[in-house]
Amino acid sequence: MEKKRWDCTALPKGWKMEEVTRKSGLSAGKSDVYYFSPSGKKFRSKPQLARYLGNQMDLSSFDFRTGKMLMSKLNKNRQRLRYDNNNQNKGKPDLNTSLPVRQTASIFKQPVTKVTNHPNNKVKTDPQKAIDQPRQLFWEKKLSGLNAYDIAEELVKTMELPKGLQGVGPGCTDKTLLSAIASALHTSAAPITGQLSAAVEKNPGVWLNTTQPLCKAFIVTDEDIRKQEELVYSVRKRLEEALMADMLAHVEEAANEGDALKDEGNGSEDMDSV
DNA sequence: CAGGTCGGCAC
DNA sequence: GTGCCGACCTG
């Protein structure tokens with residue numbers, strides 16, 4: 001019988017997978033899953049796979065058996081957020097939008113309020129802290145491998161960036177570039193110009209402007225704007241339809257218990273930028 | 001000897 | 001139960 005091998009979309013292009021069912025012995029009926037690298041090397045376990053491409057890819061949410069990235073695994077591995085532990089958000093999707101990077105650095109001095117009986121004690125604020133959040137150089141690289149998934153845990157197709165946008169720095173892929181720009185738009189009110197200094201390309205470690213994403217300076221053309229408007233329009237249309245369908249569904253089950261949030265709207269807020 | 005297959009330990 | 005890998009089997 002001919003063996004079926006199919007593409008594993010969760011892995012880089014060219015990776016294939018295969019499921020073999022055991023035909024005899026005590027474990028007959030059990031199945032083994034194998035992966036094949038683009039070069040044809042066979043992998044028979046997740047650790048083995050991780051050893052091979054662990055450095056270039058995060059497999060913590062990768063389900064070896066199905067070959068897909070599983071949402072349910074994401075939360076288990078990542079440190080649980082406080083509100084999540086409190087059981088207050090039970091059953092609801094994780095809507096936390098904070099970046100998956102360290103938000104504090106305890107070696108830096110932080111404002112402290114001393115509580116005493118004296119009413120004239122003031123809360124000391126440190127305006128410097130808000131603007132000067134310490135960050136690692138190239139911290140955006142931590143965003144690589146993060147993806148959006150729809151309700152069926154299928155990978156949502158990533159957004160396309162205009163051709164004129166180019167990354168800066170070691171190993172900056174299109175995906176990290178997208179994440180970096182999206183983060184920059186969310187975390188700062190300042191205009192995004194990209195890295196204006198040409199020296200950045202020669203030695204990014206020295207010349208990187210840390211207030212800007214890992215992105216070369218760019219020009220936004222009328223064509224870009226028009227395309228983006230079209231995109232926003234079509235996404236809003238889809239959102240409208242989804243919300244309408246959702247509403248109708250709710251009318252039918254009106255008598256039923258509380259409903260989980262649908263995720264249709266997620267990500268759409270990024271559309272009106274760039 | 002290489003690669004496919006199943007047993008069985010460890011978690 | 002089941003993921004993982006040793007080791008057996010077969011060509």
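In what follows, chains are A, B, ... by sequence order, proteins preceding strands, each numbered from 1. Note that the structure is predicted; figures quoted are calculated from it, not measured.
- With sequence neighbours left out, the salt bridge (Lys or Arg N to Asp or Glu O under 4.0 Å) criterion links Arg44(A) to no other residue.
- In this structure, the CG atom of Asp63(A) is 14 Å from the C1' atom of dC4(C), given to the nearest Å.
- OP1 and OP2 of dG3(B) both lie 4.0 Å or more from every side-chain N or O belonging to Lys42(A).
- Among the atoms of the strands shown, none is found under 4.0 Å from any heavy atom of Phe43(A).
- Separating the CZ atom of Phe62(A) from the C1' atom of dC4(C) is a distance of 15 Å, rounded to the nearest angstrom.
- Residue pairs satisfying the ring-ring contact (aromatic ring centres under 6.0 Å, His included) criterion with at least one member in residues 18-42 of chain A, sequence neighbours excluded, are listed as follows: Tyr35(A)-Phe62(A), Tyr35(A)-Phe64(A).
- One atom, NZ of Lys46(A), and another, C1' of dG3(C), lie 11 Å apart when rounded to the nearest Å.
- In this view, Ser37(A) and Ser39(A) satisfy the side chain to side chain donor-acceptor pair (under 3.5 Å) rule, not counting sequence neighbours.
- Lys23(A) has its NZ atom 5 Å from the P atom of dT5(B), to the nearest Å.
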Please write out each protein N/O paired with an N/O of nucleotides 7-11 of chain C under 3.5 Å, distance rounded to 0.1 Å.
none

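- Under the 4.5 Å side-chain criterion, counting only non-hydrogen atoms from C-beta, Lys68(A) is not in contact with Asp63(A).
- Side chains of Glu19(A) and Arg65(A) form a contact here, defined as non-hydrogen atoms less than 4.5 Å apart.
- Applying the salt bridge (Lys or Arg N to Asp or Glu O under 4.0 Å) test to every pair with at least one member in residues 203-226 of chain A, sequence neighbours left out, gives these pairs: Glu201(A)-Lys216(A), Glu223(A)-Arg226(A), Arg226(A)-Glu230(A).
- Looking at every heavy atom in both residues, Cys215(A) comes nearest to Leu165(A) through SG-CD2, 3.9 Å.
- Rounded to whole Å, atom C1' of dG1(C) lies 11 Å from atom CZ of Arg65(A).
- Using a 4.5 Å heavy-atom cutoff, the side chains of Leu53(A) and Phe43(A) are not in contact.
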Could you list, one pair per line, each protein nitrogen or oxygen that sits under 3.5 Å from a nitrogen or oxygen of nucleotides 7-11 of chain B, together with the distance?
residue, atom, partner, partner atom, Å
dG7(B), OP1, Leu26(A), N, 2.8
dG7(B), OP2, Leu26(A), N, 3.1
dG7(B), OP2, Ser27(A), N, 2.9
dG7(B), OP2, Ser27(A), OG, 2.6
dG7(B), N7, Arg22(A), NH1, 2.7
dG7(B), O6, Arg22(A), NH2, 2.6
dG8(B), O6, Lys30(A), NZ, 3.4

